[in-house]
There are 2 protein chains.
Amino acid sequence: MDNALILQNIERHIDLEKAEQEVFVGMLQPQQLPRKSFFLKENEICRHSVFVTAGCLRGFTVDHNGFEHVLQFAPADWWIADMYSLVAEKPGQLNIEALEDSQVLLLSKTDQERLYREVPKFERFFRIIAENSLVSIRQRLVDNLSLSAQQRYEQFCQQYPTLINRLPQKQIAAYIGVTPEFLSTIRARSRKKK
Amino acid sequence: MDNALILQNIERHIDLEKAEQEVFVGMLQPQQLPRKSFFLKENEICRHSVFVTAGCLRGFTVDHNGFEHVLQFAPADWWIADMYSLVAEKPGQLNIEALEDSQVLLLSKTDQERLYREVPKFERFFRIIAENSLVSIRQRLVDNLSLSAQQRYEQFCQQYPTLINRLPQKQIAAYIGVTPEFLSTIRARSRKKK
DNA sequence: TGCATTTCTTAAGGTAGCTTATTTTTTTTG
DNA sequence: CAAAAAAAATAAGCTACCTTAAGAAATGCA
């Protein structure tokens with residue numbers, strides 16, 4: 001079934017009755033996202049939480065100098081949204097783009113709030129998700145402040161071994177915070193060592 | 001009353017009945033933290049959420065080169081904890097230290113979980129807190145990736161105007177991610193401009 | 001109040017990572 | 001399968017920020 005993945009994702013943190021599953025599943029809207037298409041563009045209001053069932057998305061911002069900064073990659077089994085925009089219901093700076101042909105399930109903000117009312121357990125689920133995201137982004141901030149570009153690259157390889165051969169190097173550079181040129185020389189350097 | 005501040009903090013996001021307030025308040029343990037004392041040291045397990053009622057704390061990590069990185073300042077009306085350690089119940093890397101003589105209220109992890117059971121609304125409160133923290137730390141990551149040290153300093157001044165004259169410059173440097181020497185030259189530079 | 005400690009300033013020299021530009025390789029698409 | 005477009009590699013010169021060091025100012029404590 002199409003919804004097995006998301007239910008399994010949820011049930012990693014909370015247990016659901018059949019009826020509760022049905023309420024939830026009934027709220028989900030499937031959507032196809034061809035490669036290079038955008039789910040969200042900056043200055044738009046983000047009105048959904050997105051769960052990826054196939055493919056891979058990225059969330060990124062563009063700074064005043066036109067540089068892109070990748071905040072998150074979202075392969076299958078990951079959630080992504082512009083939390084700022086979603087919470088504040090204001091235009092945000094995040095772009096969400098498909099890096100591969102992808103498939104997602106959307107949960108609208110309205111439904112999400114109805115869900116909190118009808119199945120309060122979900123309040124707990126999204127609390128846990130938010131706490132986990134907080135932990136990992138905090139770690140990333142520390143890494144950016146304390147590791148060299150080389151170390152950040154090695155860290156990325158360790159942390160996301162499956163993404164490393166799947167993503168363009170350029171995107172990885174925009175994630176670890178260096179120019180593509182410099183990432184290229186880093187890799188050349190470590191190739192020579194071996 | 002001593003607990004007015006924390007109740008007001010909570011009621012910014014959820015409404016509480018008298019009885020619910022009492023359950024919650026009954027769980028809080030007040031504690032004094034003299035300047036320079038540590039609430040938490042790295043490699044310890046963080047067993048409490050901390051709410052600051054007076055003074056100011058900081059949460060920081062120390063990297064392999066001995067440099068300190070400040071993740072958060074927590075003046076009155078702020079929450080602080082090592083979310084990683086608190087969630088995983090494992091030793092973390094965060095230090096929490098009082099920068100001034102401070103007063104805090106502690107909510108133990110055990111009580112917090114009891115609270116979720118007895119007053120499920122708190123699940124919502126801490127979800128919202130986590131979501132807001134997520135938004136602000138994500139913004140900070142983007143700023144670190146896209147702004148110069150000077151711009152980050154100016155941003156800090158705008159964002160925390162009350163802290164700027166209250167904290168040692170050294171601590172601000174450890175927050176924005178530069179050496180104290182360089183922050184000093186940044187400030188000298190902008191002093192000349194005027 | 002005065003000494004000790006910490007914090008801040010200034011300056012010279014060094015380096016990680018950026019910029020710009022060119023070439024090669026890979027990927028996409030008609 | 002070929003042409004076009006995008007991505008990656010390489011290299012030379014540059015700059016923001018770091019390192020080290022030493023003196024000045026501010027702060028804490030006996």
Side-chain angles (χ1 to χ4, degrees), chain A residues 34-37 55-56 58 60 63-70 73 97-102 143-157 163-194, chain B residues 34-37 55-56 58 60 63-70 73 97-102 143-157 163-194:
Chain A
R35 185 174 126 84
K36 295 199 177 174
S37 66
C56 186
R58 66 170 180 144
F60 70 100
D63 70 26
H64 342 331
N65 304 313
F67 288 99
E68 295 184 355
H69 302 283
V70 173
F73 293 115
E97 182 195 12
L99 290 170
E100 307 171 353
D101 291 338
S102 303
D143 288 348
N144 265 278
L145 292 170
S146 58
L147 301 181
S148 68
Q150 165 131 257
Q151 292 171 315
R152 274 177 275 146
Y153 176 67
E154 287 162 5
Q155 178 110 337
F156 184 91
C157 294
L163 289 182
I164 208 77
N165 297 308
R166 191 170 160 192
L167 298 174
Q169 209 163 291
K170 195 189 165 180
Q171 300 300 338
I172 296 169
Y175 182 94
I176 64 177
V178 293
T179 57
E181 291 85 350
F182 190 57
L183 178 54
S184 181
T185 76
I186 286 174
R187 298 188 71 221
R189 218 185 284 158
S190 62
R191 234 177 290 132
K192 254 176 204 166
K193 267 191 193 165
K194 287 164 195 170
Chain B
R35 186 174 126 82
K36 294 199 178 175
S37 66
C56 187
R58 66 169 180 144
F60 70 99
D63 70 25
H64 341 330
N65 303 313
F67 288 99
E68 295 184 356
H69 302 283
V70 173
F73 294 114
E97 182 195 11
L99 289 171
E100 307 171 352
D101 292 337
S102 302
D143 289 347
N144 264 279
L145 292 170
S146 58
L147 302 182
S148 68
Q150 165 131 257
Q151 292 171 314
R152 275 177 275 147
Y153 176 67
E154 286 162 4
Q155 177 108 338
F156 184 92
C157 293
L163 290 182
I164 207 77
N165 297 308
R166 191 170 160 193
L167 298 174
Q169 208 163 291
K170 194 189 167 181
Q171 300 299 339
I172 296 169
Y175 183 95
I176 66 177
V178 293
T179 56
E181 291 85 351
F182 191 57
L183 178 54
S184 181
T185 75
I186 287 173
R187 299 188 70 222
R189 219 186 284 156
S190 63
R191 234 178 289 132
K192 253 175 206 169
K193 266 191 195 165
K194 288 163 194 170

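Chain A is the first sequence line, chain B the second, and so forth, proteins listed ahead of strands; every chain is numbered from 1.
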Does [X] use its side chain to pair, donor to acceptor, with the backbone of [Y] at less than 3.5 Å?
X      : Y      : answer
A:Q171 : A:P168 : no
A:N65  : A:F67  : no
B:D143 : B:L147 : no

Selected nucleotide, minimal atom distance to [X] side chain, candidates [options]:
X      : options               : result
B:S184 : D:dT10, C:dT10, D:dA8 : C:dT10
B:K170 : D:dA8, C:dC8, D:dT10  : C:dC8
A:Q169 : D:dT20, C:dC8, D:dA8  : D:dA8

May I have the distance from [X] (atom [atom1]) to [N] (atom [atom2]), rounded to whole angstrom?
X      : N      : atom1 : atom2 : value
B:E68  : C:dT6  : CD    : P     : 13 Å
B:R187 : D:dA26 : CZ    : C1'   : 14 Å
A:N165 : D:dA7  : CG    : C1'   : 16 Å
B:L167 : C:dT7  : CG    : P     : 12 Å
B:E181 : D:dA22 : CD    : C1'   : 12 Å
B:Y153 : C:dC8  : OH    : P     : 10 Å
B:E97  : C:dT6  : CD    : C1'   : 13 Å
B:L145 : D:dC17 : CG    : P     : 13 Å

Open item on the list: Angle between ring planes, B:F156 versus B:F73, binned at 30° and 60°: parallel, tilted or perpendicular?
Closed with: perpendicular

Task: From CZ (A:R58) to OG (A:S102), nearest 0.5 Å - done: 12.5 Å

Task: Approximate separation, where rounding is to 0.5 Å, of A:I176 CD1 and A:C157 SG - done: 8.0 Å

Task: Test item: A:Q155 and A:Q151 side chains (from C-beta on) under 4.5 Å apart, heavy atoms - done: no

Task: Nearest heavy-atom neighbours spanning B:L183 and B:A173 - done: CD2-N, 3.7 Å

Open item on the list: Quick one about A:Y153 and A:R187 (side-chain donor to acceptor, distance below 3.5 Å, no hydrogens or angles considered), yes or no?
Closed with: yes

Using nucleotides 12-18 of chain C, report all nitrogen or oxygen pairs with the protein that are shorter than 3.5 Å.
from	atom 1	to	atom 2	distance (Å)
C:dG17	OP1	A:A149	N	3.0
C:dC18	OP2	A:T179	N	3.4
C:dC18	OP2	A:T179	OG1	3.4

TODO: Would you mind building the protein contact string for nucleotides 24-30 of chain C? One character per nucleotide, 5' to 3', B for base within reach (heavy atoms under 4.0 Å), S for sugar-phosphate only, - for untouched.
DONE: ----S--

